[in-house]
Amino acid sequence: MTTTLSERVSQSAFDGSMLRVVLLMDLHEGTQQQFFEAYEQLRHDIASVPGHISDQLCQSFENPSQWLITSEWESAPQYLAWVNSEHHAEQVKPLGACARAMRPLKFTVLRETGRGYDQAARPASARLQDTPRLGAGIVRHALTFTVKPGSEKEVASILSSYTSPEARVDDHTRLCRTSLFMHGNRVVRTVEVQGDLMAALRHVSEQPGVRAAEEALNPHLEKDRNLNDPESARMFFMRAALPAVHHIAAPEPETAEVQRHALFYPAKPGCGAALAKFLARQDEAAARHPASPVRSSSIFQRDDIVVRLIDVRGPLDAEPETTFGISGPRKAAVLERLTVRAGKRTRPADHTMKLITDRRAAAES
């Protein structure tokens, strides 16, 4: 049976669909009024953010410490531009100070039914997702940060020598793969999780070997952090988050000849989202050709940092234009206009990241 292109795209921030964001929160005892006041300030600030449509604040009638904030956005890129900004990090500090736990969930809107939506006034640019996406239940996420120049070799040693955590997190969650790359003094760590991403990240952070590696890494970071301080740790991981915005994969199972690579694309100021969208469209165009060496591609983007994680059949440089994401007339010129070139013409080798470690969980029996 032929797999259509739309069935191969399991994640995309670029289909124009409305986004529903759900934030589940468990508050410290006695902070309900403080939290409510912080939300009142935040909702006034967020009302003027481009793409924001509406929000709701809900309190559990069973447990007053449990709260739910929902917000609706015209599209995913508009939400991501806000949530990944430094301004957002400062805006939500008062909320975070009240919370014992926070869990954000993001959904594109597929259907709206019922009387409440019959005459609903929506912005003309807000659309519904066309069809359900298919996938293997895999959640992809990445972190990125920079280390002090000159420490790259020692950092690579620290990040490649720790003991891998147990893959099985609980009955519903499993760590599938962790890949770590460096480009100069920038570190990018990508993870693939089957099940609950937050549960998996907590599981990893609790492992003694991982904690030791993180502590050894601290002196080399360009921006200080204290993982023993919950607020410092939360702000670090918020700023380091590199969300996945697009994923496309070939229908056949992965084989031994498929190798993982990462490419770093530093966008010109304000061009990060446009660059990520351009690369996503290039990957979709390449996927229409069965002989394409790129068997899967995940694009991660935050502000003007764009990383493309690809699984390639055969040598990386066999079809450099396709693996670099510039196959076709005039595409290289478009990429040139969107990226920082440092005074020279862009070459694939300039953006290829160094693989530090690629750990896969053993197949379950």
Side-chain angles (χ1 to χ4, degrees), residues 10-11 135-147 152-170 172-183 185-218 220-221 225 227 233 236-249 253-256 258-264 295-302 305-312 316 352-364:
S10 60
Q11 181 180 0
I138 301 295
V139 183
R140 296 170 180 85
H141 188 64
L143 295 172
T144 185
F145 50 87
T146 55
V147 297
E152 294 88 350
K153 186 175 181 180
E154 187 170 354
V155 167
S157 176
I158 293 170
L159 294 175
S160 61
S161 59
Y162 67 89
T163 303
S164 296
E166 176 65 34
R168 174 56 63 182
V169 177
D170 54 38
H172 309 287
T173 302
R174 185 171 180 268
L175 288 167
C176 298
R177 190 169 186 175
T178 301
S179 306
L180 196 140
F181 298 85
M182 293 184 69
H183 187 273
N185 70 327
R186 177 166 296 280
V187 177
V188 173
R189 175 190 287 152
T190 69
V191 296
E192 295 180 2
V193 174
Q194 191 169 42
D196 187 339
L197 174 64
M198 298 306 294
L201 295 180
R202 284 195 300 271
H203 168 75
V204 171
S205 68
E206 293 166 356
Q207 305 304 305
V210 174
R211 292 188 66 86
E214 295 290 350
E215 289 296 331
L217 185 64
N218 282 341
H220 305 294
L221 296 176
R225 69 178 183 184
L227 295 182
F236 170 80
F237 287 110
M238 179 184 292
R239 292 182 171 118
L242 190 62
V245 295
H246 193 269
H247 177 75
I248 185 170
E254 184 179 308
T255 62
V258 175
Q259 301 295 319
R260 173 153 291 188
H261 305 273
L263 296 162
F264 174 60
R295 309 318 295 155
S296 74
S297 171
S298 298
I299 297 173
F300 301 87
Q301 181 250 327
R302 179 192 179 96
I305 299 170
V306 181
V307 172
R308 185 162 158 265
L309 186 71
I310 54 176
D311 290 329
V312 178
L316 180 64
T352 302
M353 303 191 76
K354 179 181 179 182
L355 176 64
I356 304 303
T357 181
D358 184 23
R359 305 179 184 216
R360 295 192 235 193
E364 291 188 306

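Taking every heavy atom of both residues into account, Ala213 and Tyr162 meet most closely at CB-CB, 4.0 Å. Between His141 and Phe300, the shortest heavy-atom contact is C-CE2, 3.8 Å. The minimum heavy-atom distance between Arg202 and Ser205, with the atom names listed, is O-OG, 2.8 Å.
Screening Leu355, Leu159, Leu143 for a side chain to side chain contact (heavy atoms under 4.5 Å, CB included) involving Leu180 leaves a single residue, Leu159. The residue from Leu242, Val188, Leu217 that alone fulfils the side chain to side chain contact (heavy atoms under 4.5 Å, CB included) condition with Phe145 is Leu217. Screening Leu309, Val306, Ile310 for a side chain to side chain contact (heavy atoms under 4.5 Å, CB included) with Ile299, the sole residue that qualifies is Val306.
With values rounded to the nearest 0.5 angstrom, Glu206 atom CD is found 11.0 Å from Leu201 atom CG. If you take CD on Gln194 and NE2 on His172, they are separated by 12.0 Å, rounding to the nearest 0.5 Å. From Arg140, atom CZ reaches atom OG of Ser296 across 7.0 Å, with rounding to the nearest 0.5 Å. The CZ atom of Arg260 sits 13.5 Å away from the CG atom of Leu316 when rounded to the nearest 0.5 Å.
The side-chain heavy atoms of Met353 and His261, taken from C-beta on, include no pair separated by under 4.5 Å. Between Thr144 and Val307 the shortest side-chain heavy-atom distance does not fall below 4.5 Å. Taking 4.5 Å as the limit, every side-chain heavy atom of Ser298 sits out of range of all side-chain heavy atoms of Arg308.
Residues satisfying the side chain to side chain contact (heavy atoms under 4.5 Å, CB included) test with Ala200, not counting sequence neighbours, are Val169, Thr173, Leu175, Val193. Residues passing the ring pair (Phe, Tyr, Trp, His ring centres under 6.0 Å) test with His183, sequence neighbours excluded: Phe264. Checked against salt bridge (charged side-chain N to carboxylate O under 4.0 Å, His left out), Glu214 has the following partners two or more places apart in sequence or in another chain: Arg189, Arg225. Residues satisfying the side-chain hydrogen bond (donor to acceptor under 3.5 Å, both in side chains) criterion with Glu166, sequence neighbours excluded, are absent altogether. Residues passing the salt bridge (charged side-chain N to carboxylate O under 4.0 Å, His left out) test with Asp358 are Arg177, sequence neighbours excluded. Evaluation of the side chain to side chain contact (heavy atoms under 4.5 Å, CB included) rule for Thr146 yields Asn185, Arg186, Glu222 as partners, not counting sequence neighbours. Thr357 is linked by a side-chain hydrogen bond (donor to acceptor under 3.5 Å, both in side chains) to Arg359, counting only residues two or more places apart in sequence or in another chain. With sequence neighbours left out, Gln11 forms a side chain to side chain contact (heavy atoms under 4.5 Å, CB included) with Ala244, His247. Under the side-chain hydrogen bond (donor to acceptor under 3.5 Å, both in side chains) criterion, Ser160 pairs with no residue at all, not counting sequence neighbours. In terms of the salt bridge (charged side-chain N to carboxylate O under 4.0 Å, His left out) criterion, residue partners of Arg239 (sequence neighbours excluded) are, by chain and number, Glu86, Glu90. Among residues two or more places apart in sequence or in another chain, the salt bridge (charged side-chain N to carboxylate O under 4.0 Å, His left out) test is passed with Arg302 by none. For Ala212, there are no side chain to side chain contact (heavy atoms under 4.5 Å, CB included) partners, not counting sequence neighbours.
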Task: Steps toward side chain to side chain contact (heavy atoms under 4.5 Å, CB included) verdict (Leu263, Phe181) - done: CA-CA 9 Å; Leu263 296 162; Phe181 298 85; over 6 Å; no
Task: Residues Ile138, Cys176; criterion side chain to side chain contact (heavy atoms under 4.5 Å, CB included); working and verdict - done: CA-CA 8 Å; Ile138 301 295; Cys176 298; 3.8 Å; yes
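For the pair Arg295 and Asp311, the salt-bridge criterion is not met [side-chain N within less than 4.0 Å of a carboxylate O].
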